[in-house]
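Throughout, residue positions are numbered sequentially from 1 according to the sequence presented. Only heavy atoms go into these numbers, but all of them, side chains included; no hydrogens, no water, no symmetry mates.
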Amino acid sequence: MSQVSVVTDSVSDLPDDLIEKYGITMVPAIVRFSPQEELKDREDISIAKFMERLAQGTEPVRTSQPSPGAFVEAFRKAGQDGRPVISVQPSAKFSGTYQSACIARDILAEEGYRIEVVDTRLASMGQGWAVIEAARAALAGLPLDKVAERVKTVSSKVKIVLSVDTLTYLYRNGRLGRVQALLGSLLQLKPILSVRDGE
């Protein structure tokens, strides 16, 4: 049994088998297809169903970070036997998830919980690799500070590079203007994006 519990959020894109294998606690991000429809990522809607609905829809899909209350619940569960908790989160420049986790950490500090929240400055499986390293270090019996060091080391070495097949979703969510999206689509541009310094 590991000495440290590992918590992350669904933005890390970890496969279910690895979450189960390493005993990772996953806090779901929130997905909104409309103001009236709010779903918990990977709990209320699967990744496959999300992609299907994204392709069929015409309105922008919004996401938001888990609430501090969701992290309080996850941290209490992960640390209920007195184990310290490491929370491995996406870049604070992408999302308010890191801040939600920090608020929860501060609330529970008054109850004696030991929680370290790490900003990986990454997202998706870049963040996921840092979570896996945290879980492996925890299973190896490393203490909380050493687990956090390992997470930071992996985070500093991972580089994210991606390409998008269509500009549609960048336009719908306001990342591209109408003219940029139209020109890019006419020219069949497939931009290559990278994550640097957390953004």
Side-chain angles (χ1 to χ4, degrees), residues 6-20 24-78 85 87-108 115 117-131 160 162-182 184-185 190-191 193-195 198-199:
V6 179
V7 174
T8 192
D9 65 290
S10 60
V11 171
S12 64
D13 288 332
L14 283 171
D16 291 336
D17 60 332
L18 290 181
I19 292 169
E20 187 174 338
I24 296 163
T25 300
M26 177 76 69
V27 181
I30 305 302
V31 179
R32 290 190 180 91
F33 287 97
S34 72
Q36 295 76 35
E37 188 178 17
E38 185 176 284
L39 303 170
K40 291 180 180 177
D41 183 29
R42 296 173 69 166
E43 284 187 15
D44 299 333
I45 186 167
S46 68
I47 295 170
K49 187 66 176 173
F50 170 81
M51 296 304 289
E52 181 184 316
R53 288 192 59 182
L54 185 66
Q56 291 171 352
T58 56
E59 295 300 315
V61 176
R62 305 288 184 205
T63 59
S64 65
Q65 73 268 12
S67 68
F71 276 106
V72 165
E73 185 179 331
F75 291 161
R76 276 203 174 111
K77 181 180 176 186
V85 175
S87 182
V88 184
Q89 300 310 144
S91 173
K93 294 181 180 180
F94 289 161
S95 162
T97 303
Y98 172 77
Q99 187 62 34
S100 285
C102 288
I103 291 168
R105 173 202 61 202
D106 295 345
I107 289 168
L108 292 175
I115 301 164
V117 181
V118 179
D119 178 352
T120 61
R121 304 172 76 78
L122 300 165
S124 190
M125 267 310 292
Q127 174 190 345
W129 286 116
V131 176
I160 298 177
L162 65 132
S163 179
V164 294
D165 192 48
T166 174
L167 302 178
T168 300
Y169 306 112
L170 293 173
Y171 168 65
R172 279 190 199 164
N173 282 300
R175 308 279 191 222
L176 283 180
R178 181 184 296 273
V179 174
Q180 292 171 309
L182 179 61
S185 295
K190 311 268 189 206
L193 309 171
S194 64
V195 175
E199 54 188 338

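Atoms CG and CZ, from L108 and F71 in turn, are 12.0 Å apart once rounded to the nearest 0.5 Å. With rounding to the nearest 0.5 angstrom, the CD atom of E38 is 11.5 Å from the OG1 atom of T63. Note that CG of L162 is 14.5 Å distant from CE of M125, once rounded to the nearest 0.5 Å.
Counting heavy atoms from C-beta outward, V61 and V31 have side chains that approach closer than 4.5 Å. Looking at R53 and E37, their side chains come closer than 4.5 Å, going by heavy atoms from C-beta outward. Under the 4.5 Å side-chain criterion, counting only non-hydrogen atoms from C-beta, V6 is in contact with V131. Looking at Q127 and T8, their side chains come closer than 4.5 Å, going by heavy atoms from C-beta outward. Within the 4.5 Å cutoff, the side chain of D119 has heavy atoms near those of the S91 side chain. At least one side-chain heavy atom of L122 sits under 4.5 Å from a side-chain heavy atom of I160.
When the salt bridge (Lys or Arg N to Asp or Glu O under 4.0 Å) test is applied to E73, no partner is found at least two apart in sequence or on another chain. Qualifying side-chain hydrogen bond (donor to acceptor under 3.5 Å, both in side chains) partners for S64, counting only residues two or more places apart in sequence or in other chains: R32. For Y98, the ring-ring contact (aromatic ring centres under 6.0 Å, His included) test picks out no residue, with sequence neighbours left out. Taking E43 as the reference, nothing meets the salt bridge (Lys or Arg N to Asp or Glu O under 4.0 Å) condition, with sequence neighbours excluded.
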When the side chains of residues 12-19 are checked against the rest of the protein, which donor-acceptor pairs come out under 3.5 Å, sequence neighbours left out?
from	atom 1	to	atom 2	distance (Å)
S12	OG	D9	O	2.9
D13	OD2	S124	OG	2.7
D16	OD1	R42	NH2	2.7

Taking only distance into account, with no hydrogens and no angle test, what donor-acceptor pairs under 3.5 Å do side-chain atoms of residues 44-51 form with protein atoms, sequence neighbours excluded?
from	atom 1	to	atom 2	distance (Å)
D44	OD2	K40	N	2.8
S46	OG	K49	N	3.1
K49	NZ	E52	OE2	3.3

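Residues T120 and Q89 bring no donor and acceptor atom of their side chains to less than 3.5 Å of each other.
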**Prompt:** Taking it one step at a time, do Q99 and Q65 satisfy side chain to side chain contact (heavy atoms under 4.5 Å, CB included)?
**Reply:** CA-CA 9 Å; Q99 187 62 34; Q65 73 268 12; over 6 Å; no
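Side-chain atoms of S100 come within 3.5 Å of backbone atoms of P66 as a donor-acceptor pair (strictly under, hydrogens ignored).
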